[in-house]
Amino acid sequence: MALIRTTETGLYRIPLPVTLSDSTHGQLTAFELVTCRIRDSDGAEGVGYTYTVGRNGGAIADILRREIPELIEGRDADDTEAVWHHVWWGLHYGGRGGPAVLALSALDIALWDLKSRRANLPLFRMLGGFDARIPCYAGGIDLDLSVERLLKQTDDNLARGFRAIKMKVGRPDLASDVARVQAMRKHLGDGFPLMADANMKWTVEEAIRAARALQRYDLTWLEEPITPDDIAGHVRIMAAGGVPIAAGENLRSLWEFKNYISAGAVSYPEPDATNCGGVTAFMKIARLAEAFNLPVTSHGAHDVTVHLLAACPNRSYLEAHGFGLERYIEHPLVLNEGMALAPMRPGHGIAFDWNGLVQLAQ
């Protein structure tokens with residue numbers, strides 16, 4: 001039995017190489033990285049993390065530093081399910097989402113990393129293992145790029161080995177969105193996997209109109225067309241829009257995904273392991289989707305999520321984000337002919353450059 005002995009939290013503000021933009025969050029110049037390091041009674045360590053697009057990182061770090069240690073220290077590090085429930089209910093009254101579940105996600109990822117390191121297994125094998133090669137797309141945050149720069153970015157991603165692309169939509173006029181998607185489809189050719197992400201921009205009626213206008217361009221999916229709180233609206237878009245819908249990066253629990261999936265509100269459930277409750281919750285969401293014969297995709301944190309999708313028979317695409325975290329880890333994601341490769345190193349295999357990160361500490 002290896003007991004949890006210590007926790008260590010880090011908060012870092014990572015500047016982006018270029019300013020990014022989407023329809024809801026505006027311009028993004030930096031993201032916040034919140035890390036959680038767990039050490040057990042044998043001296044072994046596991047590492048987890050979560051992130052924000054620039055705000056609330058301090059609240060997440062504060063929960064990890066002040067609230068969580070007394071809930072977990074002295075408990076068996078291998079009992080990930082028991083620890084998850086203990087922390088979930090310990091934070092429930094003041095949390096049940098928001099910074100509390102992001103903190104829980106970072107903790108849970110760290111515990112799964114620790115467990116699989118102790119077993120000397122890559123995380124995806126610890127989770128059951130299915131296929132270490134996962135289709136992967138480049139997730140562009142590119143709403144304000146000119147068409148020329150958008151296509152140049154696409155060519156750069158193709159040169160890096162991506163064989164699927166996601167672009168942003170949700171500009172002030174629908175005609176501009178349609179023209180940009182049309183240009184991308186022409187550039188990529190028929191049949192090339194192309195996704196579009198509206199970042200919750202539209203009303204239901206606007207989303208239906210947009211989906212119908214984009215239908216001719218054979219999108220793999222249209223992502224987050226409206227606010228995540230409107231399940232009935234998603235059902236209407238699914239029925240009337242004629243385009244598959246991906247959603248879930250702003251859902252914060254297994255039960256929220258249950259409500260979406262059982263209502264027929266989503267084609268591609270899209271959990272983010274860093275904000276839905278960690279590895280424990282992500283895998284339950286994936287199994288729930290499998291029971292409804294739905295493919296599961298992912299949002300963000302591709303260096304962790306590559307392992308989770310590698311353990312899912314119903315996995316579709318892994319999203320690779322452009323936040324620049326690869327500058328601070330030893331082994332960035334490896335692509336081969338459009339497929340991401342789950343690493344064979346024990347745990348999730350992420351080794352942070354702590355010396356580099358300390359200069360960005362908050």
Side-chain angles (χ1 to χ4, degrees), residues 9-14 22 24-25 28 30-36 47-64 67-68 80 83-85 87-88 90-92 94-113 123 139 141 197 199-200 223-224 227-229 231 246-261 266 268-286 288-289 296-309 312 318-323 325 348 350:
T9 300
L11 171 60
Y12 311 94
R13 190 167 185 86
I14 312 293
D22 67 32
T24 303
H25 302 101
L28 310 177
F31 75 98
E32 295 175 308
L33 173 71
V34 184
T35 59
C36 176
V47 177
Y49 75 89
T50 186
Y51 68 94
T52 81
V53 294
R55 296 288 184 271
N56 284 343
I60 300 164
D62 202 42
I63 291 168
L64 280 164
E67 308 291 348
I68 285 180
T80 47
V83 172
W84 192 98
H85 280 272
V87 173
W88 172 264
L91 302 177
H92 190 269
R96 200 180 163 273
V101 77
L102 272 73
L104 172 57
S105 300
L107 166 68
D108 187 75
I109 292 167
L111 288 173
W112 276 99
D113 183 43
L123 178 56
I141 306 177
D197 184 356
N199 287 107
M200 310 170 286
E223 185 171 326
E224 281 206 309
T227 174
D229 299 300
I231 297 176
E249 70 183 74
N250 283 290
L251 303 184
R252 296 294 183 258
S253 74
L254 168 66
W255 301 281
E256 291 184 355
F257 277 93
K258 182 267 293 183
N259 291 337
Y260 260 72
I261 291 171
V266 63
Y268 289 85
E270 184 188 19
D272 184 326
T274 70
N275 68 30
C276 74
V279 175
T280 297
F282 186 104
M283 296 306 295
K284 291 179 181 180
I285 293 162
L288 173 66
V296 66
T297 183
S298 66
H299 177 265
H302 53 254
D303 302 289
V304 173
T305 315
V306 65
H307 284 279
L308 312 191
L309 291 183
C312 295
L318 172 74
E319 177 180 48
H321 240 311
F323 281 150
L325 186 59
H348 51 49
I350 301 171

Leu107 vs Val87, side chain to side chain contact (heavy atoms under 4.5 Å, CB included): CA-CA, chis, key distance, verdict: CA-CA 10 Å; Leu107 166 68; Val87 173; 3.8 Å; yes
Rounded to the nearest 0.5 Å, what's the gap from [atom1] on [X] to [atom2] on [Y]? Could you check?
| X | Y | atom1 | atom2 | value |
| --- | --- | --- | --- | --- |
| Lys284 | Lys258 | NZ | NZ | 14.5 Å |
| Asn56 | Asp62 | CG | CG | 12.0 Å |
| Asn275 | Phe282 | CG | CZ | 11.0 Å |
| Glu223 | Asp197 | CD | CG | 4.0 Å |
| Thr280 | His85 | OG1 | NE2 | 8.0 Å |
| Leu28 | Thr52 | CG | OG1 | 9.5 Å |

Salt bridge (Lys or Arg N to Asp or Glu O under 4.0 Å) with [X]: which residues, sequence neighbours excluded?
| X | result |
| --- | --- |
| Asp108 | none |
| Glu319 | Lys166 |
| Glu270 | none |

Would you check if the side chain of His307 reaches a backbone N or O of His348 as a donor-acceptor pair within less than 3.5 Å? yes
For the backbone of Val47 and the side chain of Asp113, can you confirm whether one donor and one acceptor N or O come within less than 3.5 Å of each other?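 Looks like yes, one N/O pair under 3.5 Å.
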With the side chain counted from C-beta on, respond yes when [X] and [Y] share a heavy-atom pair under 4.5 Å apart, and no when they do not.
| X | Y | value |
| --- | --- | --- |
| His25 | Met200 | yes |
| Pro271 | Glu249 | no |
| Ile261 | Pro269 | yes |
| His321 | Ile141 | yes |
| Ile68 | Leu91 | yes |
| Leu325 | Tyr51 | no |
| Thr305 | Thr274 | no |
| Tyr268 | Val296 | no |

Working for side chain to side chain contact (heavy atoms under 4.5 Å, CB included), residues Ile14 and Glu32: CA-CA 6 Å; Ile14 312 293; Glu32 295 175 308; over 6 Å; no
What is the minimum heavy-atom distance between [X] and [Y], and which atoms define it?
| X | Y | value |
| --- | --- | --- |
| Cys276 | Ile285 | SG-CD1, 3.9 Å |
| His302 | Ala320 | ND1-CA, 3.4 Å |
| Thr50 | Ala106 | N-CB, 4.0 Å |
| Gly278 | Ser105 | N-OG, 3.2 Å |
| Ala286 | Cys312 | CB-SG, 3.6 Å |
| Gly248 | Phe257 | O-CZ, 3.3 Å |

Determine, stepwise, if the pair Phe31 / Val53 fulfils side chain to side chain contact (heavy atoms under 4.5 Å, CB included). CA-CA 5 Å; Phe31 75 98; Val53 294; 5.6 Å; no
Contacts of Tyr12 meeting side-chain hydrogen bond (donor to acceptor under 3.5 Å, both in side chains) (sequence neighbours excluded), chain-then-number -> none
Output all residues satisfying side-chain hydrogen bond (donor to acceptor under 3.5 Å, both in side chains) with Tyr260, sequence neighbours left out; order by chain, then residue number.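 Tyr260 satisfies side-chain hydrogen bond (donor to acceptor under 3.5 Å, both in side chains) with His234 once adjacent residues are dropped.
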Indicate whether any N or O donor in one side chain lies under 3.5 Å from an N or O acceptor in the other, for Asp22 and Thr24. no
Would you call the rings of Trp255 and Trp88 parallel, tilted or perpendicular if under 30° counts as parallel and over 60° as perpendicular? tilted
Any residue meeting side-chain contact (heavy atoms from CB on, under 4.5 Å) with Thr9, in chain and number order, not counting sequence neighbours: Val34, Ala61, Leu64, Arg65
Stepwise, does the side chain to side chain contact (heavy atoms under 4.5 Å, CB included) test hold for Leu309 with Ser298? CA-CA 8 Å; Leu309 291 183; Ser298 66; 3.8 Å; yes
